Amino acid sequence: MSQSYYFESYPPLFRPPPNIPQIQESNSDETESLLLDSHIPVIDYFKCTTPTIRTTKYQDVNEDRNLISEACRDWGLFRLVNHGIPITLLNQVEEHAKKLFSLPYETKKAFFANSTSSSNFVSPISYFWGSPALSPSGAALAPKKGAQENNNQSLQWMEGFNVSLAQLSNIHYQDLLLETFRCLLEEYGKELSRVATEIFKILGPFESNYMSIETGLLRVYRYPRCLEPERTWGIDTHTDSSVLSIIHQDDVGGLQVYKDHQWIDVNPLPNTLIVNIGDMLQAMSDDRYMSVKHRVKVNKHKERISIGYFVFPAEDTIIQSTKYNPFSYADFRAQVQHDLKTLGLKTGLQKFKFS
């Protein structure tokens, strides 16, 4: 496939100028580690969720569960192993994502238009690029006026598919690639909802509607190659608005988390997932668990694929906390979207904190 044809898959603003030498794929790793991630907690899902299992040291399952709580207090995230999701499923989702992302930009826009011929039906899969901030319908939010000054910092070097899992069974595609992708996402979503439910139980007890599987969504991201990776971010520093986020990343790397005033590279390891705490769990836990700051670097020689699962409280459930004024997730989302449009940044939980 020619370079010019391939770059047709990139949103126009991400395409290198025609007079620039071709970017070649590279096997070298240009990532400069700020701190090795060897200390990121590793949690064995099977041990934590199987009461009859004992380790060779005869530890009780509660000790393994306590490790999750400790990781969420100290780090806001952990690496999950033995999660039970078939590696074949992870690989198939990733491979189909690559095939779809490699389609021409205009084709992707047409495939995942926000609505179908029926005005009352909203597509469960939408395509977006340049910003991870989306409206409830999955459309990218327009940046604050003038926000692209100062090195285009509001333009983030990514594109993605936003997938509403609860609505995914409502549509079937005639195109074989799209329909296979839809089926794989539906299966993967069920696996992730199982994992999230068990982790939420371990971190509780919380009100049952503080996390609603019906709100679960997937974000499938591609971070294109970038000629000047030092001038932009795949996704800039942020916290997730979710209760829990579960990330599967390919072998390229780029995810970083902020810990003890340092940025730490979260290195990709096969058949593992990264679980991190979101703003909603921080609030409902009275700040016992902290929503972790993270960001994504871009790469000059390699694209990166990652798939994130995000789950939220039931829409109008009121979250009660000793640290924050009572609010619903709908209130929180509206405040975040207001801040993004007016300030160009997310203020998050600070707007709800007791004075």
Side-chain angles (χ1 to χ4, degrees), residues 1-38 40 79 87 90-105 107-108 127-132 151-153 155-161 177 181 184 218-238 245-257 263-274 276 294-308:
M1 181 183 297
S2 70
Q3 290 274 319
S4 60
Y5 176 82
Y6 186 77
F7 287 125
E8 288 184 10
S9 74
Y10 285 9
L13 288 179
F14 294 166
R15 297 172 190 173
N19 58 334
I20 297 295
Q22 293 182 354
I23 304 175
Q24 299 296 330
E25 281 277 6
S26 170
N27 292 323
S28 64
D29 185 0
E30 67 175 22
T31 301
E32 179 184 356
S33 294
L34 304 187
L35 186 68
L36 293 177
D37 77 348
S38 57
I40 289 178
R79 190 185 299 278
I87 186 65
L90 292 169
N91 291 339
Q92 285 177 323
V93 173
E94 186 179 311
E95 287 305 312
H96 277 73
K98 289 178 180 178
K99 290 178 182 178
L100 279 171
F101 280 126
S102 69
L103 295 173
Y105 166 70
T107 302
K108 288 178 287 193
Y127 171 75
F128 63 97
W129 66 276
S131 171
N151 293 331
N152 288 325
Q153 287 187 358
L155 181 66
Q156 298 179 61
W157 211 263
M158 43 68 62
E159 61 176 338
F161 303 117
L177 176 61
F181 189 54
L184 289 169
L218 289 174
R219 291 276 184 89
V220 185
Y221 289 107
R222 177 171 76 162
Y223 302 91
R225 287 173 276 168
C226 180
L227 282 176
E228 299 179 289
E230 68 283 351
R231 295 191 61 188
T232 191
W233 291 98
I235 297 183
D236 210 341
T237 303
H238 68 288
S245 305
I246 304 176
I247 309 300
H248 165 66
Q249 52 180 338
D250 66 10
D251 60 357
V252 173
L255 176 63
Q256 294 182 330
V257 298
W263 284 102
I264 301 171
D265 285 319
V266 182
N267 297 323
L269 292 178
N271 204 22
T272 69
L273 300 171
I274 298 298
N276 66 266
H294 53 292
R295 65 189 186 186
V296 179
K297 296 187 297 181
V298 289
N299 193 300
K300 185 174 183 177
H301 299 290
K302 295 180 180 179
E303 296 177 352
R304 176 177 183 264
I305 298 288
S306 71
I307 301 130

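Predicted model only: the values in this text are computed from it and were never measured.
Looking at every heavy atom in both residues, Val220 comes nearest to Ala97 through CG1-CB, 3.7 Å. Of all heavy-atom pairs spanning Arg304 and Leu255, the tightest one is NH2-CB, 3.7 Å.
When the side chain to side chain donor-acceptor pair (under 3.5 Å) test is applied to Glu159, the partners found at least two apart in sequence or on another chain are Lys108, Tyr127, Arg222. For His248, the side chain to side chain donor-acceptor pair (under 3.5 Å) partners are Glu94, not counting sequence neighbours. In this structure, the side chain to side chain contact (heavy atoms under 4.5 Å, CB included) partners of Asn91, at least two apart in sequence or on a different chain, are Ile87.
The CG atom of Leu269 lies 11.0 Å from the CG atom of Asp251; values are rounded to the nearest 0.5 Å. With rounding to the nearest 0.5 angstrom, the CG atom of Leu100 is 11.5 Å from the OG atom of Ser9. Atom OG1 in Thr272 sits 7.0 Å away from atom CD in Gln249 (nearest 0.5 Å). Remark: Lys99 NZ to Leu177 CG distance equals 6.5 Å, nearest 0.5 Å. Separation of atoms CD1 (Ile235) and OH (Tyr223) is listed at 3.5 Å; rounding is to 0.5 Å. Going from atom CZ of Arg79 over to atom CG of Asn276 covers 12.5 Å, rounded to the nearest 0.5 Å.
When atom types are taken as modelled, the side chain of Trp157 and the backbone of Arg225 share a donor-acceptor pair closer than 3.5 angstrom. With His294 contributing its side chain and Thr237 its backbone, the two residues share no donor-acceptor pair below 3.5 Å. Side chain of Asn299 to main chain of His301: a donor-acceptor pair is present (N/O by atom type, distance under 3.5 Å, no hydrogens or angles). At least one donor-acceptor pair closer than 3.5 Å links the side chain of Arg15 to the backbone N or O of Glu8.
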Test log, rule side-chain contact (heavy atoms from CB on, under 4.5 Å), inputs Trp129 and Leu155: CA-CA 9 Å; Trp129 66 276; Leu155 181 66; 3.9 Å; yes
Check against side-chain contact (heavy atoms from CB on, under 4.5 Å), Thr232 and Cys226: CA-CA 9 Å; Thr232 191; Cys226 180; 3.8 Å; yes
side-chain contact (heavy atoms from CB on, under 4.5 Å) assessment of Val296 paired with Gln156: CA-CA 10 Å; Val296 179; Gln156 298 179 61; over 6 Å; no
Check against side-chain contact (heavy atoms from CB on, under 4.5 Å), Glu303 and Phe101: CA-CA 11 Å; Glu303 296 177 352; Phe101 280 126; over 6 Å; no
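A cation-pi arrangement, defined by a distance under 6.0 Å to the six-membered ring centre and an angle within 45 degrees of its axis, is present between Arg219 and Phe128.
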